[in-house]
Amino acid sequence: MRRAIKRTVLTIFLLFLFPLAVHGALYSLQSRPTSYKSADWSSMGMLLPASADREARLLIFTGRTGHWRGIFSVHSWVVLKAEGASSWSRYDVVGWGEPVRVNYWEPDSRWWGVAPRVLVDIRGPEAAALIPPVAAAITHYQYNEPGDYRLWPGPNSNTFIASLLRAMPELEMTLPSNAIGKDFRPAPYLGLTDSRTGIEASLFGIVGIKLGWVEGVELNFLGLVTGLDLRHPAIKLPGFGRIGVDDGTALAAPAH
């Protein structure tokens with residue numbers, strides 16, 4: 001029994017805690033803004049003014065968060081516009097006041113001074129078809145009362161975007177493995193993954209396992225994820241996210 005416990009502790013250390021510690025050490029060596037006010041939140045210039053981009057469009061961004069939280073996780077948000085719309089609409093979930101915020105930052109802003117990554121960029125008729133269910137999912141997001149937000153294990157900004165991806169499984173997209181909060185569930189869950197390409201078992205998003213084509217293999221311990229990306233061969237490590245071949249996401253959305 002004692003040997004089994006030691007093996008379990010060693011496995012947890014090697015799969016989850018050691019990679020996170022390495023990432024934390026590397027993160028501490030990087031130059032980062034020391035406060036919200038000193039960080040650069042300006043537009044990256046990825047997107048044209050909405051009036052110059054007539055197509056319907058739907059984007060999901062993610063960016064490394066700031067302070068000590070950046071060791072662990074990223075922040076994600078959604079940007080959309082209907083065909084012919086004169087402005088972009090950006091939706092984030094934050095930890096103060098009413099969680100869902102609209103146009104609090106520029107749609108393509110830096111996040112804590114760092115360029116965000118574009119996870120989804122859908123245009124034209126496909127975007128026009130997806131915007132109504134996404135808008136409905138935003139309207140009916142169940143954790144939008146003051147006090148609902150929880151940094152860990154959720155619901156947080158990544159929980160919000162995960163709920164939107166569940167409304168459009170045809171995209172076959174998943175949030176980065178280091179998007180802590182993406183796996184939060186209000187109750188124990190056993191069923192299909194968000195993309196509906198695999199199966200998932202989860203205990204409130206604190207511990208769980210996934211096996212699917214889009215999600216790959218993911219082991220979740222206290223919100224930290226270790227696993228494998230099967231579609232685009234890579235490993236997934238706590239703090240780091242995925243390390244491997246290009247998965248098709250981008251650092252910038254080309255303007256048209």
Side-chain angles (χ1 to χ4, degrees), residues 39-65 73-94 99-141 144 156-182 194-195 214-215 229 231-232 241-242 246-256:
D40 183 356
W41 302 94
S42 63
S43 168
M44 285 291 300
M46 296 178 180
L47 304 177
L48 293 173
S51 58
D53 188 351
R54 304 299 295 173
E55 291 183 298
R57 199 161 172 196
L58 172 68
L59 304 102
I60 293 176
F61 291 85
T62 187
R64 180 73 63 175
T65 191
S73 188
V74 296
H75 168 85
S76 306
W77 67 93
V78 63
V79 173
L80 56 85
K81 62 178 287 295
E83 182 179 2
S86 60
S87 61
W88 297 96
S89 295
R90 169 174 171 164
Y91 299 88
D92 296 73
V93 158
V94 298
V100 178
R101 296 298 177 92
V102 184
N103 297 332
Y104 204 81
W105 296 273
E106 293 294 323
D108 56 352
S109 72
R110 294 167 175 81
W111 192 253
W112 282 94
V114 178
R117 180 170 292 274
V118 180
L119 299 179
V120 172
D121 185 359
I122 308 296
R123 307 165 186 264
E126 184 179 3
L130 288 170
I131 286 173
V134 169
I138 293 170
T139 299
H140 295 104
Y141 181 61
N144 194 28
N156 59 24
S157 65
N158 297 315
T159 311
F160 173 61
I161 298 301
S163 73
L164 303 188
L165 289 175
R166 290 174 196 142
M168 43 182 178
E170 60 270 34
L171 289 185
E172 296 191 345
M173 284 297 301
T174 185
L175 283 173
S177 59
N178 57 347
I180 288 180
K182 70 183 179 68
D194 293 348
S195 69
V214 171
E215 289 81 6
D229 186 337
R231 288 195 300 173
H232 312 285
R242 68 184 304 279
D246 184 9
D247 64 351
T249 60
L251 288 175
H256 288 270

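Only a predicted model underlies this, so the values are computations on that prediction, with no experimental measurement involved.
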Check: Which value, rounded to the nearest 0.5 Å, describes the distance between E126 atom CD and L171 atom CG?
Finding: 6.5 Å
Check: With distance as the sole test, does S76 use its side chain to make a donor-acceptor pair with the main-chain N or O of N158 at under 3.5 Å?
Finding: no
Margin query: Using modelled atom types and a 3.5 Å cut-off, is there a donor and acceptor pairing between side-chain atoms of D53 and backbone atoms of L48?
Written below: no
Next item on the list: I would like to know whether S73 and N178 meet side-chain contact (heavy atoms from CB on, under 4.5 Å); could you show each step before the answer?
Entry: CA-CA 5 Å; S73 188; N178 57 347; 5.8 Å; no
Check: Does the side chain of S195 come under 3.5 Å of the side chain of E215 through a donor N or O and an acceptor N or O?
Finding: yes
Margin query: E83 vs R57, test: side-chain contact (heavy atoms from CB on, under 4.5 Å). Steps then yes/no.
Written below: CA-CA 8 Å; E83 182 179 2; R57 199 161 172 196; over 6 Å; no
Check: Considering all heavy atoms of both residues, which atom of G181 and which atom of T159 are nearest to each other, and what is their separation?
Finding: O-OG1, 2.7 Å
Notebook entry, point to check: What distance do L47 atom CG and K81 atom NZ have between them, rounded to the nearest 0.5 Å?
Noted result: 10.0 Å
Margin query: Tell me whether N156 contacts the main-chain N or O of I180 through its side chain, where contact means a donor paired with an acceptor under 3.5 Å.
Written below: yes
Notebook entry, point to check: Residues two or more places apart in sequence or in another chain: which of them pass side chain to side chain donor-acceptor pair (under 3.5 Å) with T174?
Noted result: none
Notebook entry, point to check: If we only count heavy atoms from C-beta on, is the L119 to P176 side-chain gap below 4.5 Å?
Noted result: yes
Item checked: Sequence-distant partners of R101, side-chain contact (heavy atoms from CB on, under 4.5 Å), two or more places apart -> V94, W96, Y104
Margin query: Which heavy atom of G113 sits nearest to which heavy atom of A39, and what is that distance?
Written below: N-CB, 4.4 Å
Next item on the list: Applying side-chain contact (heavy atoms from CB on, under 4.5 Å), name anything that partners V78, two or more places apart in sequence or on another chain.
Entry: L58, I60, Y91, I138, F160, I161, L164
Margin query: Tell me which pairs pass salt bridge (Lys or Arg N to Asp or Glu O under 4.0 Å) where either residue lies in residues 159-170, with sequence neighbours left out.
Written below: R166-D194
Notebook entry, point to check: Could you give the distance from NE2 (H232) to OG1 (T249), rounded to the nearest 0.5 Å?
Noted result: 8.5 Å
Item checked: Chi angles and distances behind the side-chain contact (heavy atoms from CB on, under 4.5 Å) call for T65, V74 -> CA-CA 5 Å; T65 191; V74 296; over 6 Å; no
Next item on the list: Take D247 and R231, measure what side-chain contact (heavy atoms from CB on, under 4.5 Å) needs, and give me the verdict at the end.
Entry: CA-CA 8 Å; D247 64 351; R231 288 195 300 173; over 6 Å; no
Next item on the list: Could you pull out all residues at least two apart from S157 that satisfy side-chain contact (heavy atoms from CB on, under 4.5 Å)?
Entry: H75, V93
Item checked: Distance in Å, L175 CG paired with T62 OG1, rounded so as to fall on 0.5 Å steps -> 6.5 Å
Item checked: Check: S42 and E106 side chains under 4.5 Å, non-hydrogen atoms -> no
Next item on the list: Using salt bridge (charged side-chain N to carboxylate O under 4.0 Å, His left out) as the criterion, list what pairs up with R90, not counting sequence neighbours.
Entry: D92
Notebook entry, point to check: Can you tell if the side chain of V118 reaches within under 4.5 Å of the side chain of L59, non-hydrogen atoms only?
Noted result: yes
Item checked: Atom pair OG (S177) and CZ (R242), whose distance is rounded to the nearest 0.5 Å -> 8.5 Å
Note to self: Before you tell me yes or no, could you show the steps for W77 and W105 under ring-ring contact (aromatic ring centres under 6.0 Å, His included), namely the whole-Å CA-CA distance, both residues' side-chain angles and the distance that decides it to 0.1 Å?
What the structure shows: CA-CA 11 Å; W77 67 93; W105 296 273; 7.9 Å; no
Margin query: Give me the atom names and distance for the closest heavy-atom approach of P107 to F61.
Written below: O-CE1, 3.8 Å
Check: What are the two closest heavy atoms between R64 and W111, and how far apart are they?
Finding: O-CD1, 3.3 Å
Checklist line | Shortest non-hydrogen contact from S163 toward A137 | finding: O-CB, 4.5 Å
Check: Looking only at heavy atoms, what is the nearest atom pair of W88 and P49, with distance?
Finding: NE1-C, 3.8 Å
Notebook entry, point to check: Distance from M173 atom CE to L165 atom CG, nearest 0.5 Å?
Noted result: 7.5 Å
